[in-house]
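Single-structure report; data block below.
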Amino acid sequence: MTDMADVAVPEVHPPMAHVRKVAMWVFLGSECIFFGSLLATFLLYRTKTLDGPGAEEIFDIPFTSASSFILLMSSLTMVLAHHAHERRDSRATRIWLVSTALLGATFLAGQVFEFTEFVHEGLKISTSPFASSFFVLTGFHGAHVAVGVLMLTAMAFMSASGRLNDDAGMNVELVGLYWHFVDVVWIVLFTVVYLLQV
Amino acid sequence: MTTAEHASHPTPRQYWMVGGILAVITAIEVAVAYIEGLGGWVAPILIGLAAMKFTIVARWFMHLKFDKPLYSRFLVMGLIGALAMFTVVLFTFGILVGN
């Protein structure tokens with residue numbers, strides 16, 4: 001009987017970093033379909049306002065444009081965090097990670113303010129099919145941003161305690177991919193949900 | 001990732017330039033939404049500008065321009081899936097059911 005220790009095991013496994021990245025891309029691909037279905041639902045019901053206010057009466061485009069700009073710039077700070085991490089510059093990595101988390105939190109605060117204003121103006125989630133589809137679509141996007149802010153904050157703490165390395169399950173590159181994806185989804189939502197409806 | 005692959009990645013200066021381009025496109029988008037007289041051109045222009053921003057972020061910030069083509073394929077597959085879902089939902093509920 002052959003001793004198992006003598007049998008050479010061929011190096012057929014791809015590196016774990018590649019496997020994790022593939023997994024993240026597969027997840028992001030599935031997220032495209034998720035947001036695509038919510039967006040299609042919104043487009044179906046965008047004119048079904050019943051007695052409630054419609055998009056033209058209620059959307060504040062300058063305010064949402066400023067929020068969109070903040071989220072877009074957070075993608076810039078995220079890629080700078082990733083670049084700093086690759087250069088092993090942990091101080092710069094922390095600064096850019098915290099900046100990204102703060103910009104994301106600012107975007108979220110803007111969304112909470114916007115939703116509150118809408119409710120005060122008579123647009124609640126149960127007001128009309130338009131309101132339901134709008135709040136579900138933008139609310140799910142906001143939830144994704146909130147998860148991203150939590151991950152970025154965790155990364156910043158891990159960096160401060162010297163535990164941030166590429167072998168970690170969720171590293172800077174993967175969190176960055178998730179964050180950029182949340183940004184590209186908003187690029188589509190801002191155009192289709194806001195700009196094209198006013 | 002090899003050193004050669006790292007070397008091909010953009011510099012922070014290039015990232016700032018890309019960020020500036022994205023900011024300019026966003027400003028143009030908002031302006032287009034308010035400009036009167038564009039008529040039926042507003043939607044195609046806005047969709048075109050959003051597609052430009054999407055592509056720039058995906059290629060430069062998500063590094064698809066520099067990474068293995070396999071990663072791009074996953075995103076394209078997701079987008080095709082989203083488009084299929086989009087078409088089926090709008091066709092089924094919008095045209096057939098008449099919502």
Side-chain angles (χ1 to χ4, degrees), chain A residues 15 17-18 21-22 24-41 43-45 48 61-62 64-66 68-69 72-73 75-80 82-84 86-87 92 129 166 173 176-177 179-181 183-185 187-192 194-198, chain B residues 1 6 9-12 15-16 18-20 22-23 25-27 29-30 32-34 42-43 46-58 60-64 67-68 70-94 97 99:
Chain A
H18 173 65
K21 212 164 158 181
V22 166
M24 178 53 90
W25 274 110
V26 170
F27 167 68
L28 297 181
S30 72
E31 287 276 272
C32 287
I33 300 168
F34 174 73
F35 278 106
S37 61
L38 291 180
L39 191 59
T41 309
L43 288 177
L44 270 177
Y45 295 124
K48 304 274 188 285
I61 296 300
T64 316
S65 304
S68 302
F69 179 74
L72 200 59
M73 289 304 104
S75 255
L76 174 62
T77 54
M78 184 68 237
V79 81
L80 291 171
H82 182 215
H83 189 266
E86 283 193 329
R87 283 186 290 114
D166 291 333
E173 185 178 24
L177 283 176
W179 191 259
H180 296 310
F181 179 78
D183 183 32
V184 294
V185 168
I187 288 172
V188 176
L189 298 193
F190 176 58
T191 302
V192 178
Y194 289 86
L195 293 180
L196 286 177
Q197 307 305 323
V198 293
Chain B
M1 192 176 277
H6 272 298
H9 276 203
T11 60
Y15 284 134
W16 279 101
V18 172
L22 290 168
I25 297 174
T26 306
E29 274 182 331
V30 178
V32 166
Y34 281 104
V42 173
L46 286 177
I47 291 166
L49 290 170
M52 274 174 68
K53 280 166 70 179
F54 188 106
T55 308
I56 290 171
V57 172
W60 285 82
F61 289 173
M62 296 174 98
H63 289 149
L64 287 180
D67 263 344
K68 293 183 173 76
L70 174 70
Y71 304 135
S72 300
R73 284 186 205 128
F74 285 121
L75 182 65
V76 170
M77 276 164 57
L79 290 174
I80 291 170
L83 198 64
M85 173 72 76
F86 206 76
T87 309
V88 168
V89 170
L90 288 180
F91 181 76
T92 309
F93 293 98
V97 181
N99 255 313

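Order of the sequence lines fixes the chain letters, A, B, ..., with proteins taken first and strands second; residue numbering starts at 1 for each chain.
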How far apart are the closest heavy atoms of [X] and [Y], and which atoms are they?
X	Y	value
A:Gly36	B:Ala82	CA-CB, 4.3 Å
A:Ser65	B:Val30	OG-CG2, 3.2 Å
B:Gly19	A:Met73	O-CE, 3.4 Å
A:Ala40	B:Leu90	O-CD2, 3.6 Å

With a 4.5 Å heavy-atom cut-off, do [X] and [Y] have their side chains touching?
X	Y	result
B:Tyr34	A:Pro62	yes
B:Met85	A:Phe35	no
B:Met77	A:Val26	no

Output the distance between atom [atom1] ([X]) and atom [atom2] ([Y]), rounded to the nearest 0.5 Å.
X	Y	atom1	atom2	value
A:Lys21	B:His63	NZ	NE2	8.0 Å
B:Phe93	A:Tyr45	CZ	OH	7.0 Å
A:Phe181	B:Leu75	CZ	CG	7.5 Å
B:His9	A:His82	NE2	NE2	7.0 Å

- prompt: Checking side chain to side chain contact (heavy atoms under 4.5 Å, CB included) for the pair A:Val184/B:Lys53: CA distance, chi angles, key distance, verdict?
  reply: CA-CA 8 Å; A:Val184 294; B:Lys53 280 166 70 179; over 6 Å; no

- prompt: Without hydrogens or angle criteria, can the side chains of A:His18 and B:Tyr71 be said to hold a donor-acceptor pair below 3.5 Å?
  reply: yes

Heavy-atom contact with chain A under 4.5 Å, split by part of [X]:
X	result
B:Ile47	both
B:Ile25	neither
B:Ala33	side chain

Most chain A-contacting option - heavy-atom pairs closer than 4.5 Å, from B:Trp60, B:Tyr15, B:Phe61: B:Phe61

message: Under a 4.5 Å cutoff for heavy-atom pairs, which residue among B:Leu22, B:Thr26, B:Thr11 has the most contacts with chain A?
response: B:Leu22

Specify which of [options] makes the most heavy-atom pairs with chain B at under 4.5 Å.
options	result
A:Leu43, A:Asp183, A:Thr191	A:Thr191
A:Thr64, A:Thr41, A:Ile33	A:Ile33
A:Val185, A:Leu177, A:Leu72	A:Leu72
A:Ser68, A:Cys32, A:Gly29	A:Cys32

- prompt: For A:Val188, what residues pass the side chain to side chain contact (heavy atoms under 4.5 Å, CB included) criterion, not counting sequence neighbours?
  reply: A:Leu39, A:Val192, B:Phe54

message: Counting only heavy atoms not in A:Phe69 (residues, nucleotides, ligands), do more than 12 fall under 6.0 Å from its CZ?
response: no

Proximal component of A:Phe190, with respect to chain B [non-hydrogen, under 4.5 Å]: side chain

message: Working note: B:Trp16 + A:Leu80, criterion side chain to side chain contact (heavy atoms under 4.5 Å, CB included); need CA distance, chi angles, decisive distance, verdict.
response: CA-CA 9 Å; B:Trp16 279 101; A:Leu80 291 171; 3.7 Å; yes

